[in-house]
Amino acid sequence: MLPKREATSMAERSPATRRALWLVLSLVFAFLYIPIAVLVALSFNEGGLPTAWSGFSLKWYVSLTGNSEILSAALNTLIVALISTAIATLLGTLLAIGIEMRRQYGKGLEALIFAPMIIPDIVLAIALLSFFSMLNLTMGLHTIILAHVVFNLAFVCSVVRARLKSFDWSIVEASADLGASALTTFRRVTLPVILPAVIAGALLAFTLSVDEFIIAFFTAGAGRASTTLPMQIYAMIRFGITPEINALATIVMAVSITALTLSQRFNRGIIGQ
Amino acid sequence: MAPALAWLTALMVVPCALVLALAFFRRGTYGGIEYTFTLENFGLVFDPLYAGIFLNSARIAGTATLIAVIIGYAAAYAIAAAPRRLQPVLLFFAVLPFWSNYLIRTYAWIVLLNREGLVTQLLRWFGYTGEPPSMLYTEGAVIAGLVYNYLPFVILACYAPLSRLNPELAEASRDLGASVVTTFRRVILPLTVPGIAAGAVFVFVLSIGNFVTPALLGGGRFQMIGNLVYDQFLTANDWPFGAALAMALIAIMLLVLMAQAIATDRASGHAAEARSNVDG
């Protein structure tokens, strides 16, 4: 049999087709990046107005550091993201190992793990709001953390599972046969193999948590004490465009994009999930 | 494994079941919930006033889906045709914006479309002197925001089958005398339907339940189901009706997922046919 040939690359197409394809790509990337680029550029605009460029300045970033509301929201976001990521990484990894080790699992289990990724945010948000208020639970950062673990756990689990698909379970048996305890086997055999995926999953969970708005908004409870950064941004946007939002938005985007790029480095192809 | 499943059960399954139950109760006179069984919340969903909002949401979500699929498919096609080593990089940068904050991506469109925004500036630069056009707070702005936010996922979903496409099939089809259009319609398209269906379902489901984009880019003038649910829980204080609306949203989602499964299923039949068309 002949070896399978590579897909027709641009090089083999006619110049006209090639130009058309590059044109499509340029237009799509312009559409995707121009709105973000404008925002970032304006955050460095001395005058702060979209109407005229009046020189490069970091003053809007400096002014953020004096805004106590934004600083406390940033701290809240960090607390929620770190704790929910830690819990979700632990539970999600164990879940992934549990499922892949047994190999046999029902459709119900699959649906349960898939649900948090597909259920509309607003539905999960009102469900948790109803649930917490029915339990008479005072809402705050802790309820946001409980909620964020739900979807973070599902994402971590799917990233780790993808890695475990090619895992050779016989080496786990071999380790046990050689007298290693379950914990030692996990620490010395399983964990080293899945660690990149676990880190990638954790970084993904962290990003999702930092950016999540709707569920946090519904489960934060009354008062400003547990406002997270996206909630703060939403409130600010509703009042209009300010140069401070541009600066804040640029920082938040930089954080998510860095975490995601790192995640991608740890685990090739994670974005495709 | 057990702690994770317990977590999902306690904080997803139980709350969702609670919402389902809530939808069958009556709203108390002063807000709150009265625990008597009723079906009137679901009746209200079909009330012309609310049914209109459902249809409106479906229309806006449908338009956004159609546009996103057309642009996303073209982009995915171009990426799949790019030199092999460039493809992962192009795909990564196509998807990257999707992982930045949703609110910020929506806000970026307020910056572009407001009366003194970049679009108005550009028009002036080209010599336009009239009143700044009102682009923000229109249905078009809502659709643009939805397309912008969800496009990366369509690109990703369509790229998967396009990159796996065996080029010999298209070549064979053309050798057999089919035009480029026929080859696309009869060979390439059927083989890539699963990607299109996955992308379309994603955009439609997320758009129809959205409340942030209509609130920010529609200026609250374009009520969608998401906004309606939001209002029942946070302003109107009619939780049972809000719960019924949320269940309607889930029902729509399940219907769309079923349609996707059928489309994908059919496509695998067509795909076999497409293969036999060129093989035979």
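Since the structure is predicted, the reported quantities are computational estimates derived from the model, not experimental observations. Lettering follows sequence order; numbering is per chain, from 1.
- Of all heavy-atom pairs spanning A:Ser130 and B:Trp239, the tightest one is CA-CZ3, 3.7 Å.
- For the pair B:Tyr148 and A:Ile36, the minimum side-chain heavy-atom distance is below 4.5 Å.
- Both the backbone and the side chain of B:Ala215 come within less than 4.5 Å of a heavy atom in chain A.
- The closest donor-acceptor contact from the side chain of B:Tyr230 to the backbone of A:Ile122 lies at 3.5 Å or more, if one exists at all.
- Looking at B:Trp99, its side chain never comes within 3.5 Å of a backbone N or O of A:Leu208 through a donor-acceptor pair.
- For B:Ile225, no part sits under 4.5 Å from any heavy atom of chain A, backbone or side chain.
- Interface remark: B:Val13 contributes side-chain atoms only to the contact with chain A (heavy atom separation under 4.5 Å).
- Within 6.0 Å of OH on A:Tyr33 lie more than 12 heavy atoms contributed by other residues, nucleotides or ligands.
- You'll find the side chain of A:Val28 reaches within 4.5 Å of the side chain of B:Ile155, heavy atoms only.
- Contact of B:Leu20 with chain A is not made at all, since no heavy-atom distance falls under 4.5 Å.
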field: Residue pair B:Tyr107, A:Ile233: steps toward the side-chain contact (heavy atoms from CB on, under 4.5 Å) verdict
entry: CA-CA 9 Å; B:Tyr107 168 69; A:Ile233 293 174; 5.9 Å; no
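- For A:Ile87, the part lying near chain B is the side chain, with the backbone staying farther off; criterion is any non-hydrogen pair under 4.5 Å.
- Both the backbone and the side chain of B:Phe93 come within contact range of chain A, each with at least one heavy atom under 4.5 Å from a heavy atom of that chain.
- Proximity to chain B (any heavy atom under 4.5 Å) is shown, for A:Leu128, by both the backbone and the side chain.
- When all heavy atoms of A:Pro35 and B:Ala108 are compared, the closest pair comes out as O-CB, 3.7 Å.
- If you measure heavy-atom distances from A:Asp121 to chain B, you find no contacts under 4.5 Å at all.
- Of the atoms belonging to A:Thr17, not a single heavy atom falls under 4.5 Å from chain B.
- Between chain A and the residues B:Leu249, B:Ile71, B:Leu22, B:Leu90, the largest count of heavy-atom pairs under 4.5 Å involves B:Leu90.
- Within the 4.5 angstrom heavy-atom criterion, only side-chain atoms of A:Ser133, from C-beta onward, approach chain B.
- Heavy-atom minimum distance, B:Cys16 versus A:Ala127: N-CB, 4.0 Å.
- Top candidate by heavy-atom pairs under 4.5 Å with chain B, chosen from A:Ile119, A:Val252, A:Leu91, A:Val210, is A:Leu91.
- Contact annotation for A:Phe132: only side-chain heavy atoms (C-beta onward) come within less than 4.5 Å of a heavy atom of chain B.
- Ranked by heavy-atom pairs shorter than 4.5 Å toward chain A, the options B:Val19, B:Leu11, B:Leu112 are led by B:Leu11.
- Both the backbone and the side chain of A:Phe31 come within less than 4.5 Å of a heavy atom in chain B.
- Of the two parts of B:Leu86, only the side chain, counted from C-beta on, holds a non-hydrogen atom closer than 4.5 Å to a non-hydrogen atom of chain A.
- Residue A:Leu27: no heavy atom, backbone or side chain, is found under 4.5 Å from chain B.
- The side-chain heavy atoms of A:Leu260 and B:Phe98, taken from C-beta on, include no pair separated by under 4.5 Å.
- Ring pair B:Phe211/A:Phe213 is tilted by interplanar angle, where 30° to 60° counts as tilted.
- With a 4.5 Å cut-off on non-hydrogen atoms, A:Leu39 touches chain B through its side chain but not through its backbone.
- Heavy atoms closer than 4.5 Å to chain A are found nowhere in B:Leu245, neither backbone nor side chain.
- Per-residue counts of heavy-atom pairs under 4.5 Å with chain A were compared for B:Trp109, B:Tyr102, B:Trp7, B:Phe233; the largest is that of B:Trp7.
- Taking each heavy atom of B:Ala94 and A:Leu32 in turn, the nearest pair found is O-CD1, 3.6 Å.
- When all heavy atoms are compared, the tightest approach of B:Met12 to A:Leu124 is CG-CD1, 4.0 Å.
- Contacts of A:Val150 with chain B are made by both backbone and side-chain atoms, with heavy-atom separations under 4.5 Å.
- Of all non-hydrogen atoms in A:Val24 and B:Ala78, the two that sit nearest each other are CG1-CB, 4.2 Å.
- Contacts of B:Ile208 with chain A are absent, with no heavy-atom separation under 4.5 Å from either backbone or side chain.
- Inter-residue side-chain proximity for B:Leu5 and A:Leu109 is flagged as met; some heavy-atom pair is nearer than 4.5 Å.
- Only the side chain of B:Leu18 has a heavy atom closer than 4.5 Å to any heavy atom of chain A.
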